Amino acid sequence: MHGAGLSNIVFSQRGTKVLELGSRLHHNTCFQTLAERCGLPYTHWYLASAPACTGGDTRFANVVADMDKFQH
């Protein structure tokens, strides 16, 4: 769901909101910590697991985003 590109939040303007999308099956707090140290408001939106996403590495689990909730 995220990659090293999210580390570019260090160049964000003060007050930039950081929204990280991810699965409940795998959560890494490195970008939350980075946002907090930069004084940026951070939210992690946990997405629902898609069918047949069980197996192996949870970093690559499939997810489903509720677009109505996202647009809200």
Side-chain angles (χ1 to χ4, degrees):
M1 271 31 89
H2 63 246
L6 197 50
S7 61
N8 286 319
I9 64 176
V10 299
F11 303 109
S12 298
Q13 294 179 350
R14 184 177 301 260
T16 297
K17 297 176 184 175
V18 179
L19 172 61
E20 183 176 3
L21 306 177
S23 167
R24 288 193 184 280
L25 298 176
H26 180 80
H27 182 71
N28 183 327
T29 61
C30 65
F31 296 115
Q32 178 180 1
T33 302
L34 187 59
E36 289 172 353
R37 294 204 179 197
C38 291
L40 303 174
Y42 171 92
T43 301
H44 191 284
W45 184 23
Y46 292 101
L47 303 174
S49 297
C53 70
T54 58
D57 196 333
T58 58
R59 293 176 300 163
F60 304 110
N62 295 318
V63 294
V64 177
D66 180 341
M67 293 312 292
D68 290 332
K69 181 179 178 183
F70 184 75
Q71 290 176 353
H72 176 68

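This is a predicted model, so every value here is computed, not measured.
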Does a side-chain heavy-atom distance below 4.5 Å link Leu47 with Val64?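 No, every pair of side-chain atoms sits at 4.5 Å or beyond.
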Do Thr43 and Glu20 come close enough that some side-chain heavy atom pair is under 4.5 Å?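 No, too far: nothing below the 4.5 Å cut-off.
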Sequence-distant partners of Ser7, side-chain contact (heavy atoms from CB on, under 4.5 Å), two or more places apart: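 Expected list: Phe31, Leu34.
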Using side-chain contact (heavy atoms from CB on, under 4.5 Å) as the criterion, list what pairs up with Glu36, not counting sequence neighbours.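 Only Gln32 meet the side-chain contact (heavy atoms from CB on, under 4.5 Å) criterion with Glu36.
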Any sub-3.5 Å donor-acceptor pair from Thr16's side-chain atoms to Ser12's backbone N or O?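 No; judged by distance alone, with no hydrogens or angles, the pair does not exist.
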Picking from Thr29, Val18, Thr33, what satisfies side-chain contact (heavy atoms from CB on, under 4.5 Å) with Tyr42?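 Result for side-chain contact (heavy atoms from CB on, under 4.5 Å) with Tyr42: Val18.
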In Å, rounded to the nearest 0.5 Å, how long is the span from CG of Leu19 to NE2 of His44?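 Here the interatomic distance stands at 9.0 Å.
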If hydrophobic clusters are built from ILVMFWY residues whose side chains come within less than 4.5 Å, do Val63 and Leu21 share one?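 Yes: a chain of side-chain contacts under 4.5 Å links Val63 to Leu21.
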